Undergrad: 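Structure in structure tokens, see below.
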Amino acid sequence: MKYLITLAAAMTMPLAAMAGKPGVDAFFDAMAISVPPGQQSQFVVGDNLAGYFEGYTQSHDRGAGYTVKNASVYEGYATFVDGAANERTRSNEQVLPYGHRVRHAGGALEEMALLSKKHALAIRVTNPSDAILAVQTLFKDPGAVRRDGDVVLIAPAGGAKLFTAIAADQPFVLGDALTLRSAHAVRSMTVVAAFGDSAAQASARAQALAKADSIGAERKALYDALTKSYLATSDLEYNKALNWAKAASRMFVVEEFGAGIWAGLPWFRDNWGRDTFIALPGTLLVSGQFDDAKAVLSNFARYQNLREPRDKEYGRIPNRVSASDKTIYNTVDGTPWMLREAFEYIQYTGDKAFARQMYQLALPYFDGAIANYADQDGLLAHDSADTWMDARIDNQDPWSARGPRAVEIQALWHTALKTGAYLASQAGDAARARQWNALADKARRSFLALYWDGSVMADRLRDDASRDTKVRPNQLMLVSIPFDDFIAPKVQARVTRNAVSELLYPYGIASLSQNDPYFHPRHQNPDFHHKDAAYHQGTIWGWNAGFTVTALNKFGYQDLAWTLSQNLGRQILGLGTLGNMSELLDALPGDDGKLTPSGTYAQSWSVAEYARNGYQDYVGFRPRLLDNTLAFTPAIPAAWSAFYAVLPFGAGESIEVDFRRAGKQQQWQLRLAGATRRKVVFSMLSADKSRSQLAFELAPGKPATLVTGGGKASIHGKPLALRAHQASYAGDIGELVFQTPRQYRAGDFPMLQSKDALKGIVERKEYR
């Protein structure tokens with residue numbers, strides 16, 4: 001394959017000349033986020049075990065440094081050339097997905113990499129000419145220091161448990177303040193700090209890594225992981241943001257409690273059930289990390305509540321697996337999300353053997369859920385704070401009650417039942433398959449009559465069965481579930497119109513309409529309320545943009561979705577933590593018009609959903625290996641004149657896609673890598689926003705050229721049959737535009753007209 005060159009120039013080239021992935025250096029050069037001198041910006045990288053490094057540009061020691069579990073084991077570093085300090089505040093710095101690099105005015109270059117799965121980090125300083133190079137390693141609270149041959153050993157202190165070993169790839173002199181200085185003039189010096197449960201373990205790691213090109217190896221391993229799947233479009237800024245979203249998602253994949261995905265940093269360094277499985281497709285499926293996806297699913301299964309005698313949470317997977325607290329199960333949607341992603345994993349890989357393992361999880365889950373929570377309508381009841389909107393006042397009353405029957409829980413329940421029925425049929429349990437399918441059908445029949453009044457979808461049913469019609473984004477999850485439609489597409493279209501028109505700003509989708517009396521314009525506003533009062537009452541959650549893009553693209557509104565994705569990409573590249581996304585944004589911009597990130601400074605499902613949208617919603621790739629089908633439901637933004645993609649599936653298989661737009665025609669060049677002939681199905685958007693379906697077979701290693709447009713399709717120049725697949729719902733949806741955020745004036749919002757207004761409403765039992 002040829003290297004990917006500048007896409008602007010590639011527009012004039014034949015398709016074959018454009019296809020390919022860049023080399024390692026070109027890939028990371030394109031990803032580098034440059035920070036000018038004097039600007040301190042936060043960055044974070046993970047070790048994929050149980051630690052992360054938080055630092056700031058233009059600073060030697062600001063930030064938490066390398067934190068393993070709950071202890072900071074390493075603070076930062078400084079470098080020197082011939083005794084003169086390299087002053088970082090006056091240098092150009094680049095943030096990279098493995099660390100950072102700094103080029104100093106005198107020509108010296110320093111680079112730091114946190115080494116994945118090594119419990120170590122490496123610092124390299126290079127100089128244009130021979131010089132005495134030095135690296136000072138900084139520790140908040142070092143223990144006793146001693147030199148043992150080629151290694152400097154530091155004992156743990158201050159309650160820490162890990163030993164530290166420091167080694168270098170050059171002979172060195174140990175100076176004051178843990179400074180390793182090259183014994184003679186050199187042009188490059190790499191210092192490795194490694195950590196272990198014993199001095200011997202740390203020492204062995206440090207010496208082995210110092211002898212190798214540890215930074216080069218880290219770059220190559222990360223490159224391989226990030227380009228196993230690949231998408232490069234004609235928009236270079238989007239490509240950069242997409243690759244950062246993939247890298248940031250990967251950072252949260254850890255092994256602290258067995259294979260898992262941290263929810264966020266710095267506070268949510270636990271494996272949360274709901275968060276894990278919302279993040280899993282964008283983190284591990286679209287990236288082709290199928291072994292990791294299976295490991296995460298299998299690990300969560302071992303924590304399933306199988307206690308005897310059975311309690312009301314019997315069969316559930318945990319809400320949270322944590323080292324500091326007991327495992328808790330108080331979530332209604334964690335297990336449905338897990339079953340949904342188990343099914344998606346099986347569709348991506350064709351791993352039917354895994355279906356038998358998940359069937360063993362489904363049996364106790366449905367036994368418990370049906371006995372304790374399924375109601376007379378076939379719907380799933382739950383506690384008011386057991387959905388993703390789960391904040392409570394002093395761990396008691398919910399800030400935003402959503403019980404006993406929230407809208408998205410019913411969509412997830414239906415999906416779980418259909419997944420369970422599939423798993424049962426694979427296991428030969430026809431009786432269970434019939435039972436769970438019947439309950440899914442009952443839930444579907446009941447749902448519309450109870451939630452939909454012909455124009456407005458309820459966000460939940462209250463205890464008295466009345467409809468709560470607050471405008472929230474949860475209803476959009478009715479549009480983005482797998483299997484057959486839970487509600488009719490026409491209703492989905494109306495739901496999309498209602499939610500998007502009321503809630504979607506150019507920078508994200510609000511958790512509550514700004515016109516609702518409970519709306520809180522700012523998350524942290526201590527003069528008026530506790531931050532949790534605003535948590536789900538208007539505050540923007542990054543991950544909600546994911547299912548919003550899915551809904552928009554389904555109905556042909558990809559250009560509005562694309563504008564949202566562009567703005568989210570700019571957040572990834574330049575707002576808050578560089579290369580990542582915060583948990584939240586204030587609903588309304590600040591007085592200066594700028595966005596205010598809030599919550600955790602890095603959140604896994606935020607970046608994971610951004611990555612998922614690129615592959616599953618714009619390119620539209622959703623393999624269905626259970627029926628040997630590679631399915632595409634593309635929604636290509638008008639701004640994309642071309643893209644190149646590598647889309648993994650199965651056991652080491654992939655499909656390579658080279659797309660060009662020419663006027664109203666689309667040209668798709670497809671190449672299958674693998675050993676199995678596959679059926680390929682496209683659901684193509686037409687100008688009127690309807691979809692037509694075409695199908696053909698693709699043989700491994702034999703490129704195929706698909707041309708569509710003007711109501712026609714051909715493969716290798718031969719006509720292909722098109723059949724209607726989805727009607728146009730443009731008449732139901734109409735024109736969609738972003739909501740205009742209101743100006744922040746405290747007196748204009750009921751929740752800001754008195755101190756703790758919402759808290760009083762909740763405590764007086766007046767919340768509706």
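Throughout, residue positions are numbered sequentially from 1 according to the sequence presented. Computed from a predicted model, the values in this text were never measured in an experiment.
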Undergrad: Answer yes if the side chains of Ser598 and Lys531 hold a donor-acceptor pair under 3.5 Å, and no otherwise.
TA: no

Undergrad: Is a side-chain donor-acceptor pair under 3.5 Å present for Thr577 with Gln42?
TA: yes

Undergrad: Between Asn271 and Thr276, is there a side-chain donor-acceptor contact under 3.5 Å, judged purely by atom types and distance?
TA: no

Undergrad: Does a side chain donor of either Gln39 or Gln58 reach within less than 3.5 Å of an acceptor in the other side chain?
TA: no

Undergrad: Under 6.0 Å between the ring centres of Tyr618 and Trp640?
TA: yes

Undergrad: Taking NZ, NE, NH1 and NH2 as the nitrogens, is one of them in Glu255 or Lys117 under 4.0 Å from a carboxylate oxygen of the other?
TA: yes

Undergrad: Between Asp82 and Arg181, does a salt bridge (Lys or Arg N to Asp or Glu O under 4.0 Å) hold up when you go through it step by step?
TA: CA-CA 9 Å; Asp82 285 333; Arg181 187 173 64 251; over 6 Å; no

Undergrad: Could you walk me through whether Tyr238 and Asn243 satisfy the side chain to side chain contact (heavy atoms under 4.5 Å, CB included) test, starting with their C-alpha distance in whole Å, then the side-chain angles of each, then the deciding distance to 0.1 Å, before giving a yes or no?
TA: CA-CA 9 Å; Tyr238 173 72; Asn243 284 327; over 6 Å; no

Undergrad: Could you check whether Arg103 pairs with Glu93 (Lys NZ or Arg NE/NH1/NH2 to Asp/Glu carboxylate O, under 4.0 Å)?
TA: no

Undergrad: Can a side-chain donor-acceptor contact be found between Glu87 and Ser91 if the only test is distance below 3.5 angstrom?
TA: no

Undergrad: With a 6.0 Å cut-off (strictly less than), is the heavy-atom count around CG of Asp150, excluding the residue itself, greater than 12?
TA: no

Undergrad: Verify side chain to side chain contact (heavy atoms under 4.5 Å, CB included) between Asp275 and Ile261, making sure each step is shown before the conclusion.
TA: CA-CA 8 Å; Asp275 301 55; Ile261 302 174; over 6 Å; no

Undergrad: Verify the ring-centre separation between His523 and Tyr535: is it less than 6.0 angstrom?
TA: yes

Undergrad: With a sphere of 6.0 Å drawn around CG of Asp291, does it hold more than 12 non-hydrogen atoms of other residues, nucleotides or ligands?
TA: no

Undergrad: Taking the ring of Trp244 and the ring of Tyr610, is the distance between their centroids below 6.0 Å?
TA: no

Undergrad: Return the minimal non-hydrogen interatomic distance between Gly542 and Ser606, and the atom names on each side.
TA: CA-OG, 3.9 Å

Undergrad: Can you tell me if Tyr230 and Lys246 form a side-chain donor-acceptor pair at under 3.5 Å?
TA: no

Undergrad: What pairs of residues pass the side chain to side chain donor-acceptor pair (under 3.5 Å) test when at least one of them lies in residues 185-194, not counting sequence neighbours?
TA: Asp130-Arg187

Undergrad: Please walk me through it: do Val145 and Leu153 pass side chain to side chain contact (heavy atoms under 4.5 Å, CB included)?
TA: CA-CA 6 Å; Val145 177; Leu153 296 172; over 6 Å; no

Undergrad: Is it true that Tyr505 and Phe738 have ring centroids separated by less than 6.0 Å?
TA: no

Undergrad: Do Glu110 and His104 pair up side chain to side chain, a donor and an acceptor below 3.5 Å, judged on atom types alone?
TA: yes

Undergrad: Compute the centroid of each ring, for Tyr74 and then for Phe139, and state whether the two points are separated by less than 6.0 Å.
TA: yes

Undergrad: For the aromatic rings, using the six-membered ring if either is Trp, is the centroid distance between Phe53 and Tyr66 under 6.0 Å?
TA: no

Undergrad: Is Arg612 paired with Asp617 through a side-chain N to carboxylate O contact shorter than 4.0 Å?
TA: yes

Undergrad: Less than 6.0 angstrom from the centroid, inside 45 degrees of the normal: does Arg205 satisfy that with respect to the ring of Phe163?
TA: no

Undergrad: Is the Lys NZ or Arg CZ of Arg522 less than 6.0 Å from the centre of Tyr744's six-membered ring, within 45° of the axis?
TA: yes

Undergrad: Between Asp224 and Lys228, is the salt bridge (Lys or Arg N to Asp or Glu O under 4.0 Å) condition met? List the steps.
TA: CA-CA 6 Å; Asp224 289 343; Lys228 187 171 186 178; over 6 Å; no

Undergrad: Are the charged groups of Asp25 and Arg219 less than 4.0 angstrom apart, N to O?
TA: yes

Undergrad: With no hydrogens and no angle check, just 3.5 Å: does a side-chain donor-acceptor pair link Thr600 and Gln603?
TA: yes

Undergrad: Given the rule in the side chain to side chain contact (heavy atoms under 4.5 Å, CB included) test, do Tyr644 and Val657 qualify, once you have shown the distances and angles that lead to the verdict?
TA: CA-CA 6 Å; Tyr644 169 74; Val657 181; over 6 Å; no

